[in-house]
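Structure first, then comments.
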Amino acid sequence: MKEYRTCTCNEISLEDVGKKVRIAGFVQTIRDFGGLVFLDIRDMYGITQVVTSGKEEEVDFASHIPLESSVTVYGEVKKREEETINPKLKTGLVEIRIEEITILGKRTKNLPFEVNSDQEIREDLRLQYRFLDLRNDKLKNNLILRAKVLQFLRNQMIEQGFLEVQTPILTSSSPEGARDYLVPSRLHAGKFYALPQAPQQFKQLLMVSGIDKYFQIAPCFRDEDARADRAPGEFYQLDMEMSYATQEDVFSAIEPVMYHTFKEFSNKKIAEYPFPRISYKDALLKYGTDKPDLRNPLFILDLSEFFNKCTFKPFLNRTVRAIKVKGHLSKGFHEKMLQFATSIGMGGLGYLEVQEDLSYKGPIDKFIPDDLKSELLKLAELEKEDTIFFIADSEKRATELAGQIRTELGNRLHLIDENLFTFAWIIDFPMFEEDENGKLAFSHNPFSMPQGGLDALNNQNPLDILAYQYDIVCNGIELSSGAVRNHNIEIMLKAFTMAGYTEEEVKSKFGALYTAFQFGAPPHAGIAPGIDRMLMLLTNSDTIREVIAFPLNSKAQDLMMGAPSQVKREQLRDVHIQLDLKA
């Protein structure tokens, strides 16, 4: 008797005709033609068609196997009849004539949804049965891509001389911008560990330790609300840090990593590096956001000063932003833009159309004095057939609204090149901002080095101080934040004091850094691109949950595992916790 060679479902070809093989996988489809039954067997790698030999008992058995059951098939490889060839399958020229088929894992419950269906399935159902959802080719391929991207990233970092170091998951709570996930201690009553929001302090401590080029694929835990590009709970980043490094050194290290990763795993055009640098201030003014999509060619103008000379009261003494587009637009287009504007809280959306004779047509034309109309042409560089939209509000609100209008115009006018990835650095973030109570607070990473050092902290208006902080954005998605770190204990204490911390609080919250920086800490800088967001872009997914094996839903629940869940009173007693559900 011939031995059976074990194969995957994508590697059987015409060269195997006449050979004995064994495959195993899930039953995807069954087609019963009376005397013959055809089954598609699917494994991790592909699909192979198998067919009964015609024996009555075999036909009856094969036709009644529940779909998605796990089976193994022994048989001989045959060339398909000409009319049954399937060019869509890699194995579409051959099939296996069944000699033996065995159910390894029988499906005994009704399927909650059809696996590999093109039909829309409720996300809560998909997440509840994620183990079935992952049998879907799209999600499976996303996970395969994720594994390849992680390996590719690791190799690039290692080639640049970075050392991979794992940092702790259980650490201390520290005020780093988001809510901590807390873990109660059994051995130390009333005390808690925290899951790290990022390995921020550990990677800086590695620099003090003399590990001059560190990286890891780091899990980060933040109790934040979900968004399409943000997973509640847990996410991963390519965390890296370099000693004796400047901002430019970080850019030089990470730009080729980003470029080559997107180049390797996407068929889209990738904008070349070095990536453009845009100051935070200019990004807000020109694009209305600190994560601009540079595929959109539209930009925003500030016309506040001009409209203070006009008679249109809604624009007087307000921030007025404008967006110019080429061509006149239909009445229906303007109506849809007005609907969008009101949906984001605007009272209206003013516009003007430039006529052949460079006069204006539009609802606010009459409010612009004749002697100022030519000035507007020059300020906005308007030409005939242009249309210009206006947004007026407080400075902060006008900035946000103009950014949203710019994006909507770009989408509605089909100006976005969907076959392109563009990157940009956003630099020169303000060191401080005022919180909702009017108090000074860190605007970004509290461990960043202020531009100008101690002198700036001592002598400049705090709201004018810039930091060596930078973000990398791609197609309107923030991929990463980074900074040149504050490694000087005197500067660190001064910065935290200005943000309302006492030295004792700094010692308490950041004790390890406070101590380490007094032992000859080298200057250092780093960044941490978000891997989940990179994959979301590479797979063109609508949400970040499509590139995570077992994500939480938008309400931070694991519907499959039933988390968060209640625990036994004895477990709470072990960690010295008593619940007060009325609080």
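Hydrogens, waters and symmetry mates are skipped; everything else that's a heavy atom, side chains included, is used. Quick caveat: nothing in here was measured; it's all calculated off a predicted structure. In what follows, residues are counted from 1 in the order of the sequence shown.
Heavy-atom contacts from other residues, nucleotides or ligands closer than 6.0 Å to NZ of Lys373 number more than 12. Within 6.0 Å of CG in Asn267 there are 12 or fewer heavy atoms belonging to other residues, nucleotides or ligands. The 12-atom threshold is exceeded at CG of Asn155, counting heavy atoms of other residues, nucleotides or ligands nearer than 6.0 Å. Around NZ of Lys507, the count of heavy atoms belonging to other residues, nucleotides or ligands within 6.0 Å exceeds 12. Atom CZ of Phe221 has more than 12 heavy atoms from other residues, nucleotides or ligands within 6.0 Å. Applying the 6.0 Å contact sphere to NZ of Lys269 captures no more than 12 heavy atoms from other residues, nucleotides or ligands. Surrounding CD of Glu381 are at most 12 heavy atoms belonging to other residues, nucleotides or ligands under 6.0 Å away.
Lys281 meets the side-chain contact (heavy atoms from CB on, under 4.5 Å) test with Ser279; sequence neighbours excluded. Residues forming a side chain to side chain donor-acceptor pair (under 3.5 Å) with Arg126 (at least two apart in sequence, or on another chain): Asp133, Glu546. Not counting sequence neighbours, the partners of Phe152 by the ring pair (Phe, Tyr, Trp, His ring centres under 6.0 Å) test are Phe265. For Ala549, the side-chain contact (heavy atoms from CB on, under 4.5 Å) partners two or more places apart in sequence, or in a different chain, are Leu143. Take Glu123 and apply the salt bridge (Lys or Arg N to Asp or Glu O under 4.0 Å) test, not counting sequence neighbours, and it matches Arg545.
When only modelled atom types and interatomic distance are considered, Ser252 and Glu255 share no side-chain donor-acceptor pair under 3.5 Å. Between the side chains of Tyr244 and Asp249, not a single donor N or O lies within less than 3.5 Å of an accepting N or O. Between the side chains of Gln247 and Trp425, no donor-acceptor pair is found at a separation under 3.5 Å. In summary, the side chains of Asn459 and Asp455 do present a donor paired with an acceptor at a separation below 3.5 Å, with no hydrogens or angles considered. When only modelled atom types and interatomic distance are considered, Ser480 and Gln237 share no side-chain donor-acceptor pair under 3.5 Å. Between the side chains of Arg318 and Ser304, no donor N or O sits under 3.5 Å from an acceptor N or O. For the 3.5 Å distance criterion, the side chains of Gln469 and Asn445 fail to qualify, holding no donor opposite an acceptor.
Using a cutoff of 4.0 Å between basic side-chain nitrogens and carboxylate oxygens, Lys148 and Glu264 are not scored as salt-bridged. Between Lys509 and Glu505 no salt bridge is recorded (no basic side-chain N to carboxylate O distance below 4.0 Å). The existence of a salt bridge linking Arg230 and Asp225 is excluded, since no basic side-chain nitrogen approaches an acidic carboxylate oxygen closer than 4.0 Å. Ion pairing between a basic and an acidic side chain is recognised when a charged N comes within 4.0 Å of a carboxylate O; Glu418 and Lys268 show no such pairing. Residues Arg397 and Glu400 are paired through a salt bridge, judged by an N-O separation under 4.0 Å between the basic side chain and the carboxylate. Between Glu234 and Arg222 there is no salt bridge, since no side-chain nitrogen of the basic residue lies less than 4.0 Å from a carboxylate oxygen of the acidic one.
Minimum interatomic distance between Ala341 and Gly348 (heavy atoms only, all atoms of both residues): CB-O, 4.3 Å. The nearest pair of heavy atoms linking Arg277 to Ile427 is CB-CD1, 4.0 Å. In terms of heavy-atom proximity, Thr246 sits nearest to Ala525 at O-CB, 4.3 Å. Here the shortest heavy-atom pairing between Ala226 and Ser554 reads CB-O, 3.6 Å. Taking all atoms of both residues into account, the shortest heavy-atom contact from Val547 to Asp532 is CG2-O, 3.5 Å. Between Ala467 and Met431 the shortest heavy-atom distance is CB-SD, 3.5 Å.
Contacts classified as salt bridge (charged side-chain N to carboxylate O under 4.0 Å, His left out) and involving residues 427-441 (residues at least two apart or in different chains) are not found.
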**Item:** Pair Asp386-His328, side-chain hydrogen bond (donor to acceptor under 3.5 Å, both in side chains): steps then yes or no
**Value:** CA-CA 6 Å; Asp386 284 349; His328 290 171; over 6 Å; no

**Request:** Go through the steps for Arg321 and Thr399 under the test side-chain hydrogen bond (donor to acceptor under 3.5 Å, both in side chains), then give the verdict.
**Result:** CA-CA 7 Å; Arg321 299 284 159 84; Thr399 297; 3.0 Å; yes

**Item:** Verdict with supporting geometry, Thr342 and Gln339, side-chain hydrogen bond (donor to acceptor under 3.5 Å, both in side chains)
**Value:** CA-CA 5 Å; Thr342 55; Gln339 289 173 4; over 6 Å; no

**Asked** Are Thr497 and Glu503 close enough, and set up right, to give a side-chain hydrogen bond (donor to acceptor under 3.5 Å, both in side chains), and what steps lead you there?
**Response** CA-CA 7 Å; Thr497 298; Glu503 184 169 355; over 6 Å; no

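Checked against a 6.0 Å centroid threshold, the rings of His487 and Phe517 do not count as neighbours. Taking the six-membered ring where the residue is Trp, the centroids of Phe307 and Phe390 are separated by under 6.0 Å. Ring centroid separation for the pair Phe423 and Phe262 comes in under the 6.0 Å cut-off. Between Tyr259 and Phe275, the gap from one ring centroid to the other reaches at least 6.0 Å. Ring-centre distance between Phe442 and Phe496: below the 6.0 Å cut-off.
For Arg406 (side chain) and Asn296 (main-chain N/O), a donor-acceptor pair under 3.5 Å exists by modelled atom type. Between the Arg295 side chain and the Phe421 main chain, no donor and acceptor come within less than 3.5 Å of each other. The closest donor-acceptor contact from the side chain of Gln160 to the backbone of Ala253 lies under 3.5 Å. Not one N or O on the side chain of Asp293 forms a donor-acceptor pair closer than 3.5 Å with the backbone of Tyr287.
Remark: Lys286 is positioned above the aromatic ring of Phe299, its terminal NZ or CZ atom under 6.0 angstrom from the ring centre and at most 45 degrees off the axis.
The aromatic rings of Tyr470 and Phe251 lie perpendicular to each other, with more than 60° between the two planes, well past the 30° mark. Classified by interplanar angle (parallel below 30°, tilted 30° to 60°, perpendicular above 60°), the ring pair Phe447/Phe510 is perpendicular.
Distance CD1/Ile477 to CG/Asp229: 4.5 Å, rounded to 0.5 Å. Annotation: the span from Met492 atom CE to Gln518 atom CD amounts to 9.5 Å, rounded to 0.5 Å. Here the CG-CG distance, from Leu352 to Leu382, works out to 8.5 Å after rounding to the nearest 0.5 Å.
Test Glu164, Lys203, Gln204, His524 against Tyr214 for side-chain contact (heavy atoms from CB on, under 4.5 Å) and you get one pass: Lys203.
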